[in-house]
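Notes for the one structure printed next.
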Amino acid sequence: MDVPDLLRRAADLIPAHTRSDAGLTADDVRDYLGQDEWEVALAVLDDFDGVQWQTVRYWDLLIAAAQQLWLESDVAWFHWRRSETLHGLIRADLRLVPPEEGGRRLPVPNDGELRPLWSIGRTTAEGHDDLSVAAIRVESAPEIPPGGFGHIRLLPLTPLHWRHLEPGDLITMHEGRPVRGTATITQIQPPHFNAEQRR
């Protein structure tokens with residue numbers, strides 16, 4: 001399929017009367033496609049924020065379109081959103097420990113490549129802290145500077161280990177054993193589809 005076909009199929013999956021964060025609809029996507037504004041149409045499709053209805057198929061169509069358009073950062077982002085559809089959404093506010101107090105000397109990038117360990121309230125059979133891996137994406141900023149604060153999304157390596165968390169819970173970020181930051185969970189949204197509907 002070419003890019004317009006992929007994006008039309010994605011638009012067809014948007015529920016009736018659903019609007020993007022900017023107030024646009026599936027019909028607006030189709031209008032942009034009619035004007036050969038493929039990247040604009042793709043951006044509108046990305047702007048629909050709803051794990052409740054966005055299926056794996058939806059994200060696969062957007063990934064394929066972004067690949068054909070050579071939009072590598074969009075491809076990575078859509079893969080991230082695909083994983084959230086499968087495993088749920090976790091948002092948090094992260095405060096990094098200042099470098100002079102043993103914190104990171106490098107910023108936390110927004111690209112999802114950093115995968116630190118997290119203390120999330122689980123313990124081993126011996127009673128030790130059982131740290132879990134989760135990747136970080138910074139929201140609405142290119143990075144979080146050393147000692148800074150930012151809004152993040154987390155993508156756990158083992159999502160089931162995180163299911164007990166609720167908004168307001170505190171978790172700590174580690175690189176090795178030292179605490180590098182403290183995060184407050186702001187949103188937990190489990191997946192809303194069974195396995196067949198997600199695919």
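Along the sequence shown, residues carry numbers from 1. Model, not experiment: these values are computed from the prediction.
Atoms CH2 and CG, on Trp59 and Asp46 in that order, are 5.5 Å from each other to the nearest 0.5 Å. Between the CG atom of Leu6 and the CE atom of Met1 there is a distance of 4.5 Å, given to the nearest 0.5 Å. Of the inter-residue distances, the one linking Arg153 atom CZ with Glu139 atom CD reads 4.5 Å to the nearest 0.5 angstrom. Note that the NE2 atom of His151 and the OG atom of Ser140 stand 7.0 Å from one another [nearest 0.5 Å]. To the nearest 0.5 Å, atom NE2 of residue His87 and atom CZ of residue Arg163 are 8.5 Å apart. The distance from the CZ atom of Arg137 to the CG atom of Asn110 is 6.0 Å, given to the nearest 0.5 Å.
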Point to revise | Chi angles and distances behind the side chain to side chain contact (heavy atoms under 4.5 Å, CB included) call for Leu165, Ile90 | key: CA-CA 9 Å; Leu165 294 173; Ile90 303 173; 5.6 Å; no
**Study point:** Arg9 vs Asp12, salt bridge (Lys or Arg N to Asp or Glu O under 4.0 Å): CA-CA, chis, key distance, verdict
**Key:** CA-CA 5 Å; Arg9 289 184 183 221; Asp12 290 343; over 6 Å; no
Exercise for review: Give the C-alpha distance, both sets of side-chain angles, the deciding distance and a yes or no for side chain to side chain contact (heavy atoms under 4.5 Å, CB included) between Trp38 and Leu33.
Suggested key: CA-CA 6 Å; Trp38 300 350; Leu33 291 174; 4.1 Å; yes
Review point. Can you check side chain to side chain contact (heavy atoms under 4.5 Å, CB included) on Leu7 and Leu42, steps first, answer last?
Key: CA-CA 7 Å; Leu7 298 182; Leu42 181 64; 3.7 Å; yes
Practice item. Before giving the answer on side chain to side chain contact (heavy atoms under 4.5 Å, CB included), spell out for Ile171 and Leu154 the whole-Å C-alpha distance, their side-chain angles and the decisive distance to 0.1 Å. Key: CA-CA 12 Å; Ile171 60 175; Leu154 294 169; 3.9 Å; yes
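Neither Val179 nor Leu131 shares a network with the other; the hydrophobic side chains, linked directly or stepwise wherever heavy atoms of I, L, V, M, F, W or Y lie under 4.5 Å apart, form separate groups for each. Two different hydrophobic clusters hold Ile185 and Leu117 under the rule that ILVMFWY side chains link at heavy-atom gaps under 4.5 Å. Follow the hydrophobic side-chain contacts under 4.5 Å out from Leu94 and you never reach Leu89; the two are in separate clusters. Cluster annotation: Ile63 and Leu45 are assigned to the same hydrophobic cluster (Ile/Leu/Val/Met/Phe/Trp/Tyr, side-chain heavy-atom contacts under 4.5 Å, transitive).
Shown here for Thr186 and Ala92, the closest heavy-atom pair between the two residues is OG1-N, 3.5 Å. Looking at every heavy atom in both residues, Pro156 comes nearest to Trp162 through CB-NE1, 3.2 Å. Here the closest heavy-atom approach between residue Ala66 and residue Val75 is recorded as CB-CG2, 3.6 Å. For the residue pair Ala11 and Val29, the shortest heavy atom distance occurs at CB-CG1, 4.0 Å. Contact detail for Val138 and Pro109: the closest heavy-atom pair is CG2-O, 3.5 Å. In terms of heavy-atom proximity, Phe48 sits nearest to Ala26 at CZ-N, 4.2 Å.
No side-chain heavy atom of Pro146 sits under 4.5 Å from any side-chain heavy atom of Arg105. Two residues are said to be in side-chain contact when any heavy atoms from C-beta on lie closer than 4.5 Å; Ile144 and Pro107 fail this criterion. Here the side chains of Ile188 and Glu166 are not in contact, with every heavy-atom distance at 4.5 Å or above. By the 4.5 Å heavy-atom criterion applied to side chains, Met173 and Ile136 are counted as neighbours.
Classification of the Trp80-Trp77 ring pair by plane angle, with boundaries at 30° and 60°, yields parallel.
Heavy-atom neighbours of Glu72 CD from other residues, nucleotides or ligands within 6.0 Å: at or below the threshold of 12.
For Asp47 (side chain) and Asp21 (main-chain N/O), a donor-acceptor pair under 3.5 Å exists by modelled atom type. At distances below 3.5 Å, not a single donor-acceptor pair connects side-chain atoms of Glu39 with backbone N or O atoms of Leu69. Within the 3.5 Å criterion, the main-chain N or O of Ile120 finds a donor-acceptor partner in the side chain of His164. In this structure, the side chain of Arg115 engages the main chain of Glu113 through a donor-acceptor pair within 3.5 Å. Using modelled atom types, no side-chain atom of Thr85 and backbone atom of Val56 make a donor-acceptor pair closer than 3.5 Å. Checked by atom type and distance alone, the side chain of Trp118 pairs as donor or acceptor with a backbone atom of Ala134 at under 3.5 Å.
For the pair Asp5 and Arg8, the salt-bridge criterion is met [side-chain N within less than 4.0 Å of a carboxylate O]. Here Arg57 does not pair with Asp60 in a salt bridge; the nearest charged N to carboxylate O distance is not below 4.0 Å.
Inspection of the Thr18 and Trp53 side chains reveals no N or O donor paired with an N or O acceptor under 3.5 Å.
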